[in-house]
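We use all heavy atoms of the structure for the numbers below, so side chains are in, but hydrogens, waters and symmetry mates are not. This structure is a prediction, so every number in the text was calculated from the model and none was measured. Lettering of chains follows the sequences in order, A, B, ..., and the numbering in each one begins at 1.
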There are 2 protein chains.
Amino acid sequence: MGRLKILNSPTIRRMPSYLHKLLRMRFEGRTHVSSLELAEYMNIEWIVVRRDIALTGIKGQRRVGYEINELIEYIRDYIGWTNPMTATLIGAGALGTAILGYDDFARYGLQIESVFDCDSNKIGRELRGHEIYDVATIRTRLKANPPKIGILCVSNSTAQLVADQLIALGIKFIWNFASICLKVPDDVIVQREVLAGGLAMLCVKIKSRESETPLGLEE
Amino acid sequence: MGRLKILNSPTIRRMPSYLHKLLRMRFEGRTHVSSLELAEYMNIEWIVVRRDIALTGIKGQRRVGYEINELIEYIRDYIGWTNPMTATLIGAGALGTAILGYDDFARYGLQIESVFDCDSNKIGRELRGHEIYDVATIRTRLKANPPKIGILCVSNSTAQLVADQLIALGIKFIWNFASICLKVPDDVIVQREVLAGGLAMLCVKIKSRESETPLGLEE
DNA sequence: TAGATTGTTAATCGATTAACAATC
DNA sequence: TAGATTGTTAATCGATTAACAATC
């Protein structure tokens, strides 16, 4: 069926790290960069960086590297970060607050236009420049002009409910930070962020580290 | 060189999602589960789930599935979530607060023993049951009994500085939420969490969705 | 020129998918 | 028994790595 090929692609996940570094280098007045330099910064093999960069379609100059300005544009284009993306944030808890305050997101074009919460202590208050609206008013506030992306930072128990409301408004893209998997129609795309996945990765690394070289002798 | 093979392994990242679901099913009184059911929940192919589960070493019962209790233990064991892991959290901002409040982490054995921040408005105050200590006291407070993991939720400009301090204390495992890549000795393992990576994934999916079926006709 | 760096082609490796066997 | 589900072996696919060519 029309099931979208889900790309896990590590390449795409590395792109923002290159971008962050490139933006900083540009800010520092640098004009060119080699894949080796980016690789050393990222602590990965330089051939990986080369492959990633090649995917964007940019042409480098042998012996010189890539023009930073140009590379920034190519990466932005590759990810689709050239035009602003409108979004609504549901859940003004600690995680929602963190996302709202993440400068990089705004820099990459993410425009969080509205913030909702169900906590009456928060509703009406301001959070990082946004008034917090009552989650019960999602429909009336957004129906005229729904944003492209719904960012879900609510509790596991309300995530599905809220998602259903967003979907009813015609929102097709959901960035889900809850620990549960959402049930959504085929034409809705959910990007789930699993922080515990990172912890699992770390713990597996710890496990493999602790089981190796028990005497600390071999290299 | 002794460079640890970095496994990106999607399998490991999926494990916590299975675990979360299994714990909930157990709580609801369920005793058995099939890979098909987990697959439908996760919205992935059942064969993927089967492969993942097989990796843990558990044996299922044909026609019945896996015993939930047993599967939980096998997954925990596979990830290395059987013993508690001590940790310190540096940075009591919104993201740090979110991590501190993430029930699942505690359930998986992550024990955040101390919280530090450099903001004098926060130092001395309590956050989710933890007193916030001055980041300047990291050394004196932790040197006698350093935790296994350092969780970095500080600004990009201080991340390297703080990491160096943790490393000086002998901490070998760092969970880094800053946007920069840390420079660390070979024997220190950094698990970097890149939230912007998730946004990139979502935007690439949006891009590919918007470019397909411009007339909405083909399936 | 020599060396640094990109570009390209081929090989390897690991994850996903397919096909089918086993069995409760 | 028939059907559901796990188990296993093989095929495919995509990402990583290796090797070397090109060239500024």
Side-chain angles (χ1 to χ4, degrees), chain A residues 1 3-15 17-18 22 25 30-71 74-75 78-79 197 200-201 204-205 208, chain B residues 1 3-15 17-18 22 25 30-71 74-75 78-79 197 200-201 204-205 208:
Chain A
M1 317 148 218
R3 174 73 60 90
L4 196 74
K5 192 82 203 164
I6 296 300
L7 29 153
N8 196 32
S9 187
T11 293
I12 295 166
R13 289 193 166 272
R14 282 190 294 264
M15 290 294 180
S17 300
Y18 300 136
L22 291 167
M25 292 173 83
R30 298 275 308 274
T31 59
H32 290 80
V33 67
S34 72
S35 43
L36 181 61
E37 184 178 0
L38 284 174
E40 281 172 351
Y41 166 71
M42 297 267 289
N43 203 23
I44 57 179
E45 302 293 329
W46 59 272
I47 187 92
V48 173
V49 177
R50 283 276 308 294
R51 276 273 124 96
D52 289 346
I53 289 177
L55 269 179
T56 67
I58 196 178
K59 294 290 163 203
Q61 294 173 66
R62 299 177 210 239
R63 196 153 157 52
V64 176
Y66 303 89
E67 221 208 299
I68 289 179
N69 267 322
E70 206 186 349
L71 187 48
Y74 271 83
I75 291 178
Y78 181 78
I79 307 180
M201 287 294 297
V204 168
K205 290 177 191 169
S208 83
Chain B
M1 306 109 225
R3 175 72 59 90
L4 195 73
K5 190 83 204 165
I6 295 297
L7 28 154
N8 196 32
S9 187
T11 292
I12 294 165
R13 289 192 166 271
R14 283 190 294 263
M15 289 294 180
S17 300
Y18 300 137
L22 291 167
M25 292 174 83
R30 297 275 308 274
T31 60
H32 290 80
V33 68
S34 71
S35 43
L36 181 61
E37 185 179 358
L38 284 174
E40 282 173 349
Y41 166 70
M42 297 265 290
N43 203 22
I44 57 179
E45 302 293 328
W46 60 273
I47 187 92
V48 173
V49 178
R50 284 277 307 295
R51 276 272 125 95
D52 290 346
I53 290 177
L55 269 180
T56 67
I58 196 177
K59 293 292 164 201
Q61 295 173 65
R62 296 178 213 239
R63 193 150 158 53
V64 176
Y66 304 88
E67 221 208 299
I68 289 179
N69 267 321
E70 206 186 348
L71 187 48
Y74 271 82
I75 290 178
Y78 182 78
I79 308 181
M201 287 294 296
V204 168
K205 290 176 191 170
S208 83

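- At the phosphate of C:dA4, neither OP1 nor OP2 sits under 4.0 Å from any side-chain N or O atom of A:S34.
- Atom OH of residue B:Y78 and atom OG1 of residue B:T56 lie 8.5 Å apart, to the nearest 0.5 angstrom.
- Contact annotation: A:R14 side-chain N/O to D:dT16 OP1/OP2 distance is under 4.0 Å.
- In this structure, CG on A:D52 lies 8.5 Å from CD1 on A:I75, to the nearest 0.5 angstrom.
- A donor-acceptor contact under 3.5 Å is formed by the side chain of A:R51 with the base of C:dT9.
- Rounding to the nearest 0.5 Å gives a distance of 7.5 Å between OG of A:S9 and CG of A:L55.
- At a cut-off of 3.5 angstrom, counting only N and O atoms as typed in the model, there is no donor on one side facing an acceptor on the other between the side-chain of A:R63 and the base of C:dT5.
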Evaluate B:R30 against B:E37 for salt bridge (Lys or Arg N to Asp or Glu O under 4.0 Å), listing each step before the verdict. CA-CA 12 Å; B:R30 297 275 308 274; B:E37 185 179 358; 2.8 Å; yes

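- The CG-P distance, from A:L55 to D:dG14, rounds to 13 Å in whole Å.
- Taking only distance into account, the side chain of A:R62 meets the base of D:dA22 through a donor-acceptor pair shorter than 3.5 Å.
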Using Watson-Crick or G-U wobble pairs with both distances under 3.5 Å, give me DNA chain D in dot-bracket, 5' to 3', with [ ] for crossers and | for pairs to another strand. ..||||||||||||||||||||||

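- A:Y18 places a side-chain heavy atom less than 4.5 Å from the side chain of A:M42.
- Between the CG atom of B:D52 and the P atom of D:dT8 there is a distance of 16 Å, rounded to whole Å.
- To the nearest 0.5 Å, atom CE of residue B:M25 and atom OG1 of residue B:T31 are 9.0 Å apart.
- Rounded to an integer number of Å, the gap from CD of A:Q61 to P of C:dT5 is 13 Å.
- The separation between B:L38 atom CG and D:dT6 atom P is 9 Å, rounded to whole Å.
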Expected list for residues 61-71 of chain A: side-chain donor-acceptor pairs under 3.5 angstrom, two or more places apart:
unit_1 : atom_1 : unit_2 : atom_2 : d
A:N69  : OD1    : A:R26  : NH1    : 2.6

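- Atom C1' of nucleotide D:dT12 and atom CD1 of B:I47 are separated by 13 Å, given to the nearest angstrom.
- Picking from D:dT8, C:dT6, D:dA15 the nucleotide with the shortest atom distance to the side chain of B:K59 gives D:dT8.
- OP1 or OP2 of C:dT6 lies within a sub-4.0 Å distance of a side-chain N or O belonging to A:S35.
- With rounding to whole Å, B:Y66 atom OH is found 17 Å from D:dA4 atom P.
- One can place CD1 of A:I53 at 16 Å from C1' of D:dA15, the figure rounded to the nearest angstrom.
- Comparing A:L36 and B:W46 by the nucleotide of DNA chain C whose heavy atom lies nearest to each, the residue mapping closer to the 5' end is A:L36.
- For the pair B:I12 CD1 and C:dT16 P, the computed distance is 11 Å after rounding to whole Å.
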